[in-house]
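Have a look at the structure below, then the notes.
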Amino acid sequence: MKTIDYARMKREHPKQKAALTRAMKAFTASGGVDNSAVVKACREAVRVWDEIGCWPDDWSRWQIALSDTLPWHADMDLRDL
């Protein structure tokens, strides 16, 4: 069983939230056309969470941001990134 790196999560989580906020602002600035920054922020967050050994309690913030930037008929799960 992998040990959870709580200290790293405490350092990384605020940076990840800021990156997601910037990505959502970039999406809005593009007129809702280019979601690549949001996908990148989500993909990077999931990668780090997996390395740390746990996902934060507010992981759904990233799922909601990802879902909000996709077309109405599309869906993507964070676990698939």
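- When only modelled atom types and interatomic distance are considered, Q16 and W62 share no side-chain donor-acceptor pair under 3.5 Å.
- L66 contributes atom CG, which lies 9.5 Å from atom CZ of R43 (distance to the nearest 0.5 angstrom).
- I64 is not connected to M76 by any chain of hydrophobic side-chain contacts under 4.5 Å among Ile, Leu, Val, Met, Phe, Trp and Tyr, and they are in different clusters.
- Among all heavy-atom pairs drawn from P14 and M9, the shortest one is CD-O, 4.4 Å.
- When every heavy atom of C42 is checked against every heavy atom of L81, the shortest pair comes out as CB-CD1, 3.6 Å.
- Considering all non-hydrogen atoms of both residues, D5 and R8 come closest at OD1-N, 3.1 Å.
- W59 approaches L78 most closely through the heavy-atom pair O-CD1, 3.8 Å.
- Considering all non-hydrogen atoms of both residues, I4 and G53 come closest at CG1-O, 3.7 Å.
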Between W55 and D50, does the side chain to side chain contact (heavy atoms under 4.5 Å, CB included) criterion hold? Intermediate values first, please. CA-CA 7 Å; W55 285 27; D50 287 344; 3.1 Å; yes
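- One finds a salt bridge joining E51 and R47 here, because a Lys/Arg side-chain nitrogen approaches an Asp/Glu carboxylate oxygen to under 4.0 Å.
- For D57, the CG atom counts as loosely surrounded, since its 6.0 Å shell holds 12 or fewer non-hydrogen atoms of other residues, nucleotides or ligands.
- Looking only at side-chain heavy atoms (C-beta outward), V38 and D68 stay at 4.5 Å or farther from each other.
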